[in-house]
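The chains referred to below are lettered A, B, ... by the order of the sequence lines, with proteins before strands, and numbering in each begins at 1. Worth knowing before you read on, the calculation uses all heavy atoms, side chains too, and leaves out hydrogens, waters and symmetry mates.
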Amino acid sequence: DTAVSQTPKYLVTQMGNDKSIKCEQNLGHDTMYWYKQDSKKFLKIMFSYNNKELIINETVPNRFSPKSPDKAHLNLHINSLELGDSAVYFCASSQVPPGNEKLFFGSGTQLSVL
Amino acid sequence: GENVEQHPSTLSVQEGDSAVIKCTYSDSASNYFPWYKQELGKRPQLIIDIRSNVGEKKDQRIAVTLNKTAKHFSLHITETQPEDSAVYFCAASIAFGNDMRFGAGTRLTVKP
């Protein structure tokens, strides 16, 4: 009964490949996010979706394309992987109204691009 | 957009001492300020949060203070224990916003 689950946990791939990370939340939250955590542990927001609609798209290369088939799922597809894409990617969800902004994070996907 | 700065980047204390981590934010519209703890190899987890209508909040050994005028908030951990060792992140967001901005993190080490 994991609240926010993402798969895979580890992803090792070659430069130039295309890969996807899946995320699902069973909390009934309206908002889902993707965060990237680099080797220095900095947590940077990439995307934010509210009820399947894109709200925030930070300066992320267009090789990264989020897809939200419904409000419980937010997947991340990455084309033409580069060495600099190596990081831990966290999915998260929250309910927006005041009192519910707490972020629930998934367990992370460690992506290593060789 | 919001910019959150966090200091120090690393902090080492003796068990039993207090630890203080400070953050500043840039957007005066921000009104929700959570703190997350991330243990090695784990996900960030909320430990305490504060809203802009409150100046201080305490939960056992941890407390957070907020100075809206100075756009500054701090995490205080008293009687530190080795299990407090982790990376701590401050964050700021606007209610009804879909955006949570994090500080760069503080690696706290508590030496037994």
Region of [X] that comes under 4.5 Å of a non-hydrogen atom in chain B:
| X | value |
| --- | --- |
| Tyr35(A) | side chain |
| Phe90(A) | side chain |
| Gln37(A) | side chain |

(request) Please determine, among Gly103(B), Gly105(B), Ala104(B), the option with the most heavy-atom pairs under 4.5 Å with chain A. (result)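 Top count of heavy-atom pairs under 4.5 Å with chain A: Ala104(B).
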Between [X] (side chain) and [Y] (backbone), is there a donor-acceptor pair under 3.5 Å?
| X | Y | value |
| --- | --- | --- |
| Gln25(A) | Gly28(A) | yes |
| Glu79(B) | Arg61(B) | no |
| Thr106(B) | Pro8(B) | yes |

(request) Heavy-atom distances under 4.5 Å only: say whether Pro34(B) touches chain A with side chain, backbone, both or neither. (result)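 Neither part, no heavy atoms under 4.5 Å.
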(message) Given heavy-atom pairs under 4.5 angstrom as the criterion, report whether the side chain, backbone, both or neither of Gln38(B) touches chain A.
(response)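 Contact with chain A is through the side chain of Gln38(B) alone.
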(message) Any donor-acceptor pair under 3.5 Å linking the side-chain atoms of Ser26(B) with those of Glu2(B)?
(response)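 Per modelled atom types, Glu2(B) and Ser26(B) side chains form a pair under 3.5 Å.
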(request) Check the side chains of His77(A) and Ser20(A) for a donor-acceptor pair under 3.5 angstrom, ignoring hydrogens and angles. (result)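 Yes, His77(A) and Ser20(A) have a side-chain donor paired with an acceptor closer than 3.5 Å.
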